Amino acid sequence: MANTNGVAENGHASTVPLGRYLWERIHQIGVNHIFGVPGDFNLTLLDHIYDVDGLEWVGNTNELNAAYAADGYARVKNGAGCLVTTHGVGELSALNAIAGSMTEQVKVIHVVGQTSLKMQRNRMMIHHSIGFSPDHQMFNHAARAFRVAAAEIQKAEGAAEEIDRVLRECFVKSGPVYFFVPIDLVDVPVPSKALQTPLNLEPEADSQAVEDASRAIMDTLSSSKNPALFVDCLVHRHQAVAEAKQLVDKLAMPVYTSNMGKGIIDETHEHYVDIYNGGPSRPGIEKAFEQHDLILILGNLPSDTNSGGFTRHLPPNTIYVNSHHVEIKGWKTSSKVPLKAVVKKLNELASSAKIQKVENPKHKLPERPLEDDRDSKEVTQSYIWHRMAEWMQPHDVVFGETGTAAFGLPDATFPKDTNWITQTYYGSIGYATPAALGADLALSDLTKHKGDPRGRTLLVTGDGSMMLTVQEIGNMIKQKLQPIIFVINNAGYTIERVIHGARCSYNDIVPFNYTHMLQFFHMDESEAKKCFHKATNKAELEEILAKDSVKNPKSVQVVEIMMDMLDVPWRLSTQIATRGP
Ligand code: TPP
């Protein structure tokens, strides 16, 4: 016999409500926190979250922030993040962030509470719909280009299988997926038997094709005189970080990365060289990279902002280990050759391969030149990023928001096990603040459930970007989180100023008085005073960085840093100068 939740008293229910099935599965694949905003079409669906042990509702101040938070959570967990929105108004507000997750191949699960089947069939003029005979699926259709799969649930039969299929797609393709749940289907019973078997989230692999491709890669590497490895961000998305690190040890070749792949390979590793970004690379790197006669690229993402405005020069025989296939000497494997399986196989083959020993060219590069402005008392772009990197600790999660931070931080060498997060390809400003909320929750999860050391979340954002999604700082306080937020106060959109219209009013912003921010977001007045810090020059910044309460935060810390409105990192000015067509 089943209880009110459809769960049998012997613990093995034959059915569960559809809503519960969905949450059980989402929890099983590693999600512990649900982001989103309630609405009258998802309330009963939200009720079922509380039925699942270990699953917690977080809630956000708007749906855009919820989707960004789910993205940040997913990146830190190296799994999926999840948000819930309501029909029309809610799902549409999340769409920009979902598009970002699609572009950057992040696993975000978007659950939409829809109008009832009857309302949909009769095209009723229900609130949040459009027009006189509204198509209630209009919003669903608008989101088609921004997801890798969707479950458009219209009946109980087959719904459980559809949920499983779509969750699997989220991992296999690494991207956002949607679940559209009509409000009248939330409580219909669906078979629960499948819940006893964990979902298989691994992509299907043709083992012979994986073996053949890996052997071909090893043969080509062995015949090269000066090979190198390039590790990019899709290695992370396809959950092959551990395997890639192992390969770096085994191949013992020089390793380069991109702006987005930074941090995957320990930057203090003996074989790590630097970011190779075509023209905007550190002095000496472009030349060193271009001397290699063969490059093995893992998880390439060659967008303009991730390739120095398309100025990378790769030898014609470059080997690409892509998400689902390998390209070698112009020959492409089938699509059943997943990245992780290939890197694993390469590790097996590497022990017996005879690969040319190549010295790390880093040791022959000139020292970083001293900055012209090193004696400046002001906080400058050429000073701050290296200083910040010295201050970082292993296991930190570091966000560089689109703006000068995203171009400045890549210049600095991070400690081991730093998780570097930027939205370098999609570049939607406002991303990093809510994503940092998601990340800090994910860090708590990892400590609680896996015993990982509690890393810190460092959010480095421009004042212009933070304005878009600043409300989520209130949520950080509410959730008792402890990120350290560095706000670059350079009086507006500096990155845009250096592209065009340096002093035009369109690059000015609405100025904030950050002194009151934490209190406005309901931090206790005396605590808020201790948690807000302002640096108008280097000496003040040094004092702040030395404080134990900032180094080892127990609550949200805000550090406002005053900088010049036209000062930019060299990587940004070089990238602008070398911009492709
Ligand atoms: N709107 C969105 C949603 N995303 C964008 N990328 C832009 C507009 C264009 N844009 C890119 S960077 C930027 C703008 C407006 C300014 C960022 O300024 P800020 O955060 O203050 O950083 P700074 O460059 O000053 O360090």
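It should be emphasised that the depicted structure is a prediction, and the values quoted were computed from it without experimental measurement. Ligands are counted one by one from 1 in listed order, and the atoms in each one are counted from 1 as well.
Inclusion of Gly492 in the set of residues having an N or O under 3.5 Å from an N or O of ligand 1 is warranted. Polar contact check, Gly427 against ligand 1: a nitrogen or oxygen pair lies under 3.5 Å apart. Residue Asp463 places at least one N or O, backbone or side chain, under 3.5 Å from an N or O of ligand 1. At least one N or O atom of Gly464 sits closer than 3.5 Å to an N or O atom of ligand 1. In terms of polar-atom proximity, defined here as any N/O pair under 3.5 Å, Leu468 makes no such contact with ligand 1. No N or O atom of Asn96 sits closer than 3.5 Å to an N or O atom of ligand 1.
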Apply the test side chain to side chain contact (heavy atoms under 4.5 Å, CB included) to residues Ile484 and Thr457: give CA-CA distance (whole Å), side-chain angles for both, the deciding distance (0.1 Å), then the verdict. CA-CA 6 Å; Ile484 309 159; Thr457 301; over 6 Å; no
Could you give me the CA-CA distance, side-chain angles and deciding distance for His127 and His87, then say whether ring pair (Phe, Tyr, Trp, His ring centres under 6.0 Å) is met? CA-CA 9 Å; His127 56 285; His87 166 63; 7.9 Å; no
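Shortest contact from atom 22 (O) of ligand 1 to any protein heavy atom: Gly462 CA, 3.7 Å. Nearest protein heavy-atom contact of atom 3 (C) of ligand 1 is Ser428 OG, 3.5 Å. Distance from atom 20 (O) of ligand 1 to its nearest protein heavy atom, with residue and atom name: Ser465 OG, 2.6 Å. Atom 26 (O) of ligand 1 has as its closest protein heavy atom Thr404 OG1, 2.6 Å. Protein heavy atom at the shortest distance from atom 18 (O) of ligand 1 is Tyr493 CD2, 3.4 Å. Protein heavy atom nearest atom 14 (C) of ligand 1, with residue, atom name and distance: Glu496 OE2, 3.0 Å. When hydrogens are left out, the protein atom nearest atom 12 (S) of ligand 1 is Ile495 CG2, 3.2 Å; that is the closest non-hydrogen contact.
In this structure a side-chain-to-backbone donor-acceptor pair under 3.5 Å is present from Asn42 to Thr85.
For Phe532 and Tyr514, the distance between ring centers is not under 6.0 angstrom. His110 and Phe179 have their aromatic ring centers separated by at least 6.0 angstrom. In summary, the aromatic rings of Phe407 and Trp385 are positioned with their centroids too far apart to meet the 6.0 Å limit.
Counting heavy atoms of neighbouring residues, nucleotides and ligands inside a 6.0 Å radius, atom CZ of Arg503 does not exceed 12 of them.
With a 4.0 Å heavy-atom cut-off, ligand 1 is reached by no atom of Glu401.
Between the CG atom of Leu468 and the OH atom of Tyr68 there is a distance of 7.5 Å, given to the nearest 0.5 Å.
Cation-pi check for Lys538 over Tyr383 is met; the charged atom lies under 6.0 angstrom from the ring centroid and within 45 degrees of its normal. Remark: Arg312 qualifies as a cation-pi partner of Phe230 under the 6.0 Å distance and 45° angle criteria applied to the six-membered ring.
The shell of residues lying under 4.0 angstrom from ligand 1, judged by heavy atoms, excludes Gly430.
Near Asn490, with a cut-off below 4.0 Å to any heavy atom, the atoms of ligand 1 are 23 (P), 25 (O), 26 (O). Here is the list of ligand 1 atoms found below 4.0 Å of a heavy atom in Gly403: 22 (O), 24 (O).
Looking only at atom types and distance, the side chain of Asn489 has a donor-acceptor partner in the side chain of Glu560 under 3.5 Å away.
Looking at Ile429, Val568, Thr494 and measuring to atom 4 (N) of ligand 1, the nearest heavy atom belongs to Ile429.
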